[in-house]
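Quick note on labels: first sequence line is chain A, next is B, and so on, each numbered from 1. A quick note: this is a predicted structure, and the numbers were derived from the prediction, not measured.
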Protein chains: 2
Amino acid sequence: METRIDRIKKQLHAASYKLTPQREATVRILLNHEEDHLSAEDVYLLVKDIAPEIGLATVYRTLELLTELKIVDKINFGDGVSRYDLRQEGAAHFHHHLVCIECGAVDEIQEDLLEDVEAVVEKRWNFQIKDHRLTFHGICWRCHDRSSQDPSQ
Amino acid sequence: METRIDRIKKQLHAASYKLTPQREATVRILLNHEEDHLSAEDVYLLVKDIAPEIGLATVYRTLELLTELKIVDKINFGDGVSRYDLRQEGAAHFHHHLVCIECGAVDEIQEDLLEDVEAVVEKRWNFQIKDHRLTFHGICWRCHDRSSQDPSQ
DNA sequence: TCCTTATTTATAATCATTCTTAATAAAGAA
DNA sequence: TTCTTTATTAAGAATGATTATAAATAAGGA
Ligand SMILES: [Mn+2]
Ligand SMILES: [Mn+2]
Ligand SMILES: [Zn+2]
Ligand SMILES: [Zn+2]
């Protein structure tokens with residue numbers, strides 16, 4: 001069976017890049033933390049466990065390369081750091097995020113939901129959409145539950 | 001007639017802040033560049049023309065304060081800097097952006113367009129939406145026109 | 001006036017990210 | 001193999017945006 005790593009390797013080769021040990025270690029960390037939204041520093045600290053000799057600049061370079069190849073998406077939630085998010089395989093569009101302003105949790109929406117909006121934008125603004133970024137800020141279901149159960153509220 | 005500045009002054013007072021000369025100068029620059037998406041450095045250089053003694057840190061502090069009071073929105077288009085965008089008066093929601101990957105132009109969409117999507121998100125994910133960020137990346141109408149007229153294409 | 005607090009300036013410090021340079025690894029030709 | 005070229009990396013310096021600090025100033029109230 002062809003693994004996810006194998007397919008990423010092919011994508012690199014198709015663009016005439018190699019899957020070096022450092023790059024492979026970085027990709028493995030991303031695969032093992034698909035749910036998370038890791039910063040370059042986060043990735044660096046995690047990848048050091050499996051490849052202790054790696055340098056921070058290499059992690060940055062690798063993440064930049066993976067972003068170029070659309071294997072990961074670089075996102076920014078407004079704190080000072082960029083975060084990196086593995087794309088779903090075969091996903092045409094980047095998924096959306098729910099950022100809780102109470103607890104800081106970041107949940108994902110894999111459904112597209114924007115088809116209609118994009119059709120309107122393409123037509124009315126004559127803008128050919130290639131990608132999108134959509135983030136909602138608000139109160140997550142956990143904080144919701146907490147405050148409705150809390151008798152002090 | 002009550003001006004836009006007067007109303008912003010009231011918003012500051014309501015939160016027990018003063019509209020100091022430095023803050024007023026900063027707000028005036030933002031008002032004079034509503035269409036643009038200025039970085040703190042951009043604002044600083046422009047505000048120096050009308051208030052040469054102002055410091056960069058004060059501009060940062062003022063922009064942060066205005067963001068807190070929801071008078072401006074802080075946005076990030078992926079280049080390394082934060083940009084500041086005056087909110088439309090009375091706008092319930094932050095407007096959307098079209099970023100051209102060819103020429104770098106940033107156009108605005110003032111229409112909401114997200115009502116239906118937000119209704120779905122609130123219901124299905126039990127998430128109480130307070131704000132949103134939506135940016136489309138693609139080819140703007142100008143670049144579109146250019147390439148369809150260009151015989152070398 | 002004196003006292004207290006808010007605000008600003010100037011500069012230093014911090015932090016994320018990028019750049020530079022020399023070393024290393026891989027690949028190809030002969 | 002050996003030579004040559006190119007890609008990649010590590011280490012640390014440099015950069016650039018943003019924030020923190022400390023002293024000065026302005027404003028407001030008793
Ligand atoms: Mn995500
Ligand atoms: Mn805008
Ligand atoms: Zn929450
Ligand atoms: Zn364009």
In residues 72-83 of chain B, which residues come under 4.0 Å of DNA chain D by heavy atom?
B:Gly80, B:Val81, B:Ser82

Residues of residues 33-43 of chain A with any non-hydrogen atom less than 4.0 angstrom from an atom of DNA chain D: list those, numerically ordered, please.
none

Between [N] atom [atom2] and [X] atom [atom1], what is the distance in whole Å?
{"X": "B:Tyr44", "N": "D:dA17", "atom1": "OH", "atom2": "C1'", "answer": "14 Å"}
{"X": "A:Leu19", "N": "D:dT8", "atom1": "CG", "atom2": "P", "answer": "11 Å"}
{"X": "A:Leu63", "N": "D:dT9", "atom1": "CG", "atom2": "P", "answer": "12 Å"}

A correct 5'-to-3' footprint of nucleotides 3-13 of chain C, with B, S and - meaning base, sugar-phosphate only and no protein heavy atom under 4.0 Å, is ----SBBB---

Restricting to pairs with a member in residues 2-22 of chain B, which pass ring pair (Phe, Tyr, Trp, His ring centres under 6.0 Å), not counting sequence neighbours?
none

Inter- and intrachain pairs under ring pair (Phe, Tyr, Trp, His ring centres under 6.0 Å), touching residues 106-129 of chain A, at least two apart
none

Residues 91-105 of chain A, side-chain donor-acceptor partners within the protein, below 3.5 Å, at least two apart:
unit_1	atom_1	unit_2	atom_2	d
A:His93	ND1	A:Asp112	OD2	2.7
A:His95	NE2	A:Asp85	OD2	3.0
A:His95	NE2	A:His97	NE2	3.1
A:His95	NE2	A:Glu108	OE2	3.3
A:His96	NE2	A:Asp112	O	2.5
A:His97	NE2	A:His37	NE2	3.0
A:His97	NE2	A:Asp85	OD2	3.0

Taking only residues two or more places apart in sequence, or in another chain, which ones meet A:Thr20 in a side chain to side chain contact (heavy atoms under 4.5 Å, CB included)?
A:Lys18, A:Gln22, A:Arg23

Considering residues at least two apart in sequence or located in another chain, which fulfil the side chain to side chain contact (heavy atoms under 4.5 Å, CB included) criterion with A:Ser82?
A:Lys74, A:Asn76, A:Tyr84

Not counting sequence neighbours, which residues clear side-chain hydrogen bond (donor to acceptor under 3.5 Å, both in side chains) with A:Thr135? List them please.
none

Residue set satisfying side-chain hydrogen bond (donor to acceptor under 3.5 Å, both in side chains) with B:Asn126, at least two apart, ordered chain then number -> none

Less than 3.5 Å apart, which donor and acceptor atoms pair up between the side chains of residues 43-53 of chain B and the rest of the protein, not counting sequence neighbours?
unit_1	atom_1	unit_2	atom_2	d
B:Tyr44	OH	B:Lys48	NZ	3.3

Here the salt bridge (charged side-chain N to carboxylate O under 4.0 Å, His left out) pairs for residues 25-36 of chain B, sequence neighbours left out, are B:Arg4-B:Glu34, B:Glu24-B:Arg28

CD1 (B:Ile8) and OG1 (B:Thr3) are apart, to the nearest 0.5 Å, by 8.5 Å

Under 4.0 Å between a side-chain N or O of B:Tyr60 and OP1 or OP2 of D:dT19?
no

